[in-house]
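See below for the structure under consideration.
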Amino acid sequence: MTTQSLTKAYGPVVALDALDVAIPRSSVGLLGANGAGKSTLIKLLLGLIAPSSGTATMLGMDVRGDTARIRERVGYMPESDCLPLDVTAADFVAHMAEMSGLPARAARQRANDVLYQVGVDEERYRLIRGFSTGMKQRVKLAQAIVHDPELVFLDEPTNGMDPQGRDDMLRLIQRIQRELGIAVFVSSHLLEDIERVCDHVVMVDRGKLVISGRIDDLMRGGGDIIVRVDGDATAMIERLAARGISSRASGLEIIVASNAVSGDMLYDAIRDAVVELDVPLRSLRGRERSLEDVYIQTVSGVADAEELAATVGN
């Protein structure tokens, strides 16, 4: 998937702002706060809404001109609770299979198979009205993959689920990739979900691309530094603050932020502070960044840059 200057505006509100990104065909997470433009991007890629400007391609096809062909090869699990309540899960998923082009008998068999795979086997002949939130999410997932797509879009797949249901859903998503060979594109505001099931992440904020890359690469290096000294931690924190380095005490350790000074200069500053205070240095180690660290540092960095640009412009 690729986008070039992809923009969607609803009147004065710009939901997606000149997005340029190349997204690999793998397990991809679309990460951003509520209202960041995630659902808008998915709807644009599926051809459900038209862009205000810019272009996008998916599976080698243009999202404007090849909408029908794209939908034949992709599945979509929407965020909203849009299931018909007075039909059974089996009837609904079979109907969706028929809508995808399967004959009635094959659609019924395929629906039963998929409902079994997502854990709605014994309940498939019950009305959806009586399902829990977790069961409804499973039915939405079943209809998204009933036609054996190459790629499935999952918009907030754990929305409203309790911890156990959320864990079950994430394991189902992993099975879809590994056992069924379906690439997944997961949109979520939950960093833990993305980190668990995805290899690649695309971060958006206020309709703009923040960063795109492999999660392993983004998390490598750049984490905070953990320092332990014999002596007054407060004095160490104050000495680092005098050098423009923020840090905080955590038990017997001092957590030194990595975004103040780059590279070996940060380690040099810690060494110099220890020497000046004349205290023994017991340990000094780096901590790998989490996806949350990457998100917070990157989004805050973009916000700071935009604020500076606005200040200069005024």
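Quick caveat: nothing in here was measured; it's all calculated off a predicted structure.
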Is [Y] reachable from [X] through a run of I, L, V, M, F, W or Y residues, each pair having side-chain heavy atoms under 4.5 Å apart?
{"X": "V204", "Y": "L190", "result": "no"}
{"X": "L115", "Y": "L85", "result": "yes"}
{"X": "L180", "Y": "L154", "result": "yes"}
{"X": "L102", "Y": "V118", "result": "no"}
{"X": "V14", "Y": "V21", "result": "no"}

Min side-chain heavy-atom separation [X]-[Y] under 4.5 Å:
{"X": "Y10", "Y": "T40", "answer": "yes"}
{"X": "N112", "Y": "R124", "answer": "yes"}
{"X": "V87", "Y": "I128", "answer": "yes"}
{"X": "C198", "Y": "V28", "answer": "no"}
{"X": "V186", "Y": "D193", "answer": "no"}
{"X": "I70", "Y": "L45", "answer": "no"}
{"X": "R71", "Y": "T67", "answer": "yes"}
{"X": "L127", "Y": "T88", "answer": "yes"}

*asked:* Is it the case that over 12 heavy atoms from other parts of the model lie below 6.0 angstrom from the NZ atom of K43?
replied: no

*So does D278 have more than 12 non-hydrogen atoms from other groups sitting under 6.0 Å from CG?*
no

Would you check if the side chain of [X] reaches a backbone N or O of [Y] as a donor-acceptor pair within less than 3.5 Å?
{"X": "Q174", "Y": "R196", "answer": "yes"}
{"X": "D66", "Y": "D62", "answer": "yes"}
{"X": "Q177", "Y": "V197", "answer": "yes"}
{"X": "H95", "Y": "A107", "answer": "no"}
{"X": "Q143", "Y": "Y76", "answer": "yes"}
{"X": "S250", "Y": "E253", "answer": "no"}
{"X": "K38", "Y": "L31", "answer": "no"}

*Would D91 and R108 count as a salt bridge (Lys or Arg N to Asp or Glu O under 4.0 Å) if you check the C-alpha gap in whole Å, the side-chain angles of each, and the deciding distance to 0.1 Å?*
CA-CA 8 Å; D91 286 342; R108 175 67 62 177; 2.8 Å; yes

Heavy-atom pair with the smallest gap, counting every atom of [X] and [Y]:
{"X": "A50", "Y": "L44", "result": "C-CD2, 3.7 Å"}
{"X": "A22", "Y": "P24", "result": "O-CD, 3.9 Å"}
{"X": "I254", "Y": "S247", "result": "CG2-CB, 3.9 Å"}
{"X": "H147", "Y": "G75", "result": "CE1-CA, 3.8 Å"}
{"X": "V152", "Y": "A144", "result": "CG2-CB, 3.7 Å"}
{"X": "A111", "Y": "A94", "result": "CB-N, 3.5 Å"}

[atom1]/[X] to [atom2]/[Y] distance, rounded to the nearest 0.5 angstrom?
{"X": "F185", "Y": "M58", "atom1": "CZ", "atom2": "CE", "result": "9.5 Å"}
{"X": "T7", "Y": "L19", "atom1": "OG1", "atom2": "CG", "result": "8.5 Å"}
{"X": "C82", "Y": "K136", "atom1": "SG", "atom2": "NZ", "result": "11.0 Å"}
{"X": "L151", "Y": "I182", "atom1": "CG", "atom2": "CD1", "result": "9.5 Å"}
{"X": "L277", "Y": "R239", "atom1": "CG", "atom2": "CZ", "result": "4.5 Å"}
{"X": "D81", "Y": "T133", "atom1": "CG", "atom2": "OG1", "result": "7.5 Å"}

*Please determine which of R166, Q137, E192 meets the side chain to side chain contact (heavy atoms under 4.5 Å, CB included) test together with T158.*
R166

*Salt-bridged, K140 to D155, with N to O below 4.0 Å?*
no

*Are E276 and R243 ion-paired here, with the side-chain N under 4.0 Å from a carboxylate O?*
yes

*asked:* As a quick check of understanding, evaluate salt bridge (Lys or Arg N to Asp or Glu O under 4.0 Å) for R110 and D113, giving each step before the final call.
replied: CA-CA 5 Å; R110 177 65 181 167; D113 292 343; 5.5 Å; no

*Candidate pair M96 and F92, rule side-chain contact (heavy atoms from CB on, under 4.5 Å), full reasoning*: CA-CA 6 Å; M96 296 303 291; F92 170 65; 3.8 Å; yes

_Between L41 and L6, is the side-chain contact (heavy atoms from CB on, under 4.5 Å) condition met? List the steps._
CA-CA 9 Å; L41 175 58; L6 190 63; 3.9 Å; yes

*Could you walk me through whether V279 and D230 pass side-chain contact (heavy atoms from CB on, under 4.5 Å), step by step?*
CA-CA 6 Å; V279 294; D230 281 350; 5.6 Å; no

*Check the pair D205 / K208 against salt bridge (Lys or Arg N to Asp or Glu O under 4.0 Å), numbers first and verdict last.*
CA-CA 5 Å; D205 182 55; K208 296 182 179 181; over 6 Å; no

*Take L266 and V256 through the side-chain contact (heavy atoms from CB on, under 4.5 Å) test and state the conclusion after the steps.*
CA-CA 9 Å; L266 183 56; V256 182; 4.0 Å; yes

*Carefully, step by step, assess D86 and R129 under the rule salt bridge (Lys or Arg N to Asp or Glu O under 4.0 Å).*
CA-CA 6 Å; D86 293 320; R129 179 180 298 279; 2.9 Å; yes

